[in-house]
K.L.:
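I'd like to ask some things about the structure below.
All values below were derived from every heavy atom in this structure, side-chain atoms included, with hydrogens, water molecules and symmetry-related copies excluded. Worth saying up front: this structure is predicted, and the values here are computed from it rather than measured.
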Amino acid sequence: YQPEDITTGVASLGSSAAPRIWPNPASSELHLEGMPEGPLQLIAADGRIVRNIAVSGAVGQMIDVSGLTPGLYILRSPTTGLAERVTIAR
């Protein structure tokens, strides 16, 4: 083995830190922070796209989920491939 093959630390994430989605589970609104700019899709467990969301690069964004059926959803960025599981509950 070579000494340079050993990992001794982790680079700082800086502004590329993981997105925050809260509350999860959500009942009326879902807050997004740090999402990539561009389109997002909220996809139901059966594969239907139930919301198309445009992320403008703002610091935070809110999505109204009050009219959605309770269950598991995927919030996905078709541009970056980022996917996060979201639960809607009442």
K.L.:
At their closest point, which heavy atom of Ser28 faces which heavy atom of Asp64, and how far apart are they?
P.N.:
O-OD1, 3.1 Å
K.L.:
For residues 80-90, which side-chain donor-acceptor pairs fall under 3.5 Å, sequence neighbours excluded?
P.N.:
residue: Thr80; atom: OG1; partner: Ser77; partner atom: OG; Å: 3.0
residue: Thr80; atom: OG1; partner: Leu82; partner atom: N; Å: 3.2
residue: Arg90; atom: NH1; partner: Ser27; partner atom: O; Å: 2.5
residue: Arg90; atom: NH2; partner: Val65; partner atom: O; Å: 3.4
residue: Arg90; atom: NH2; partner: Ser66; partner atom: O; Å: 2.9
residue: Arg90; atom: NH2; partner: Leu68; partner atom: O; Å: 2.4

K.L.:
Just verifying a value: how many Å separate Leu75 CG and Arg51 CZ, rounded to the nearest 0.5 Å?
P.N.:
12.0 Å
K.L.:
For the atom pair CH2 (Trp22) and CG (Leu30), what is the distance rounded to the nearest 0.5 Å?
P.N.:
9.0 Å
K.L.:
Indicate, with yes or no, if Leu32 and Ile43 share a hydrophobic cluster defined by side-chain heavy-atom contacts under 4.5 Å among Ile, Leu, Val, Met, Phe, Trp and Tyr.
P.N.:
no
K.L.:
Would you give the length of the straight line joining atom CD of Gln41 to atom OH of Tyr73, rounded to the nearest 0.5 angstrom?
P.N.:
15.0 Å
K.L.:
Are Val55 and Ile74 linked, directly or through other ILVMFWY residues, by side chains that come within less than 4.5 angstrom of each other?
P.N.:
no
K.L.:
For Pro19 and Met35, which heavy atoms make the closest approach, and how far apart are they?
P.N.:
CB-SD, 3.2 Å
K.L.:
As an exercise, state the distance from CD1 of Ile49 to CG of Leu42, rounded to the nearest 0.5 Å.
P.N.:
10.0 Å
K.L.:
Check whether Gln61 reaches the backbone of Ala54 with its side chain - one donor and one acceptor, N or O, closer than 3.5 Å.
P.N.:
yes
K.L.:
Looking only at heavy atoms, which two atoms of Thr79 and Pro39 are closest? And how far apart?
P.N.:
OG1-CD, 3.6 Å
K.L.:
Using only heavy-atom distances, determine whether the side chains of Glu33 and His31 contain a donor-acceptor pair under 3.5 Å.
P.N.:
no
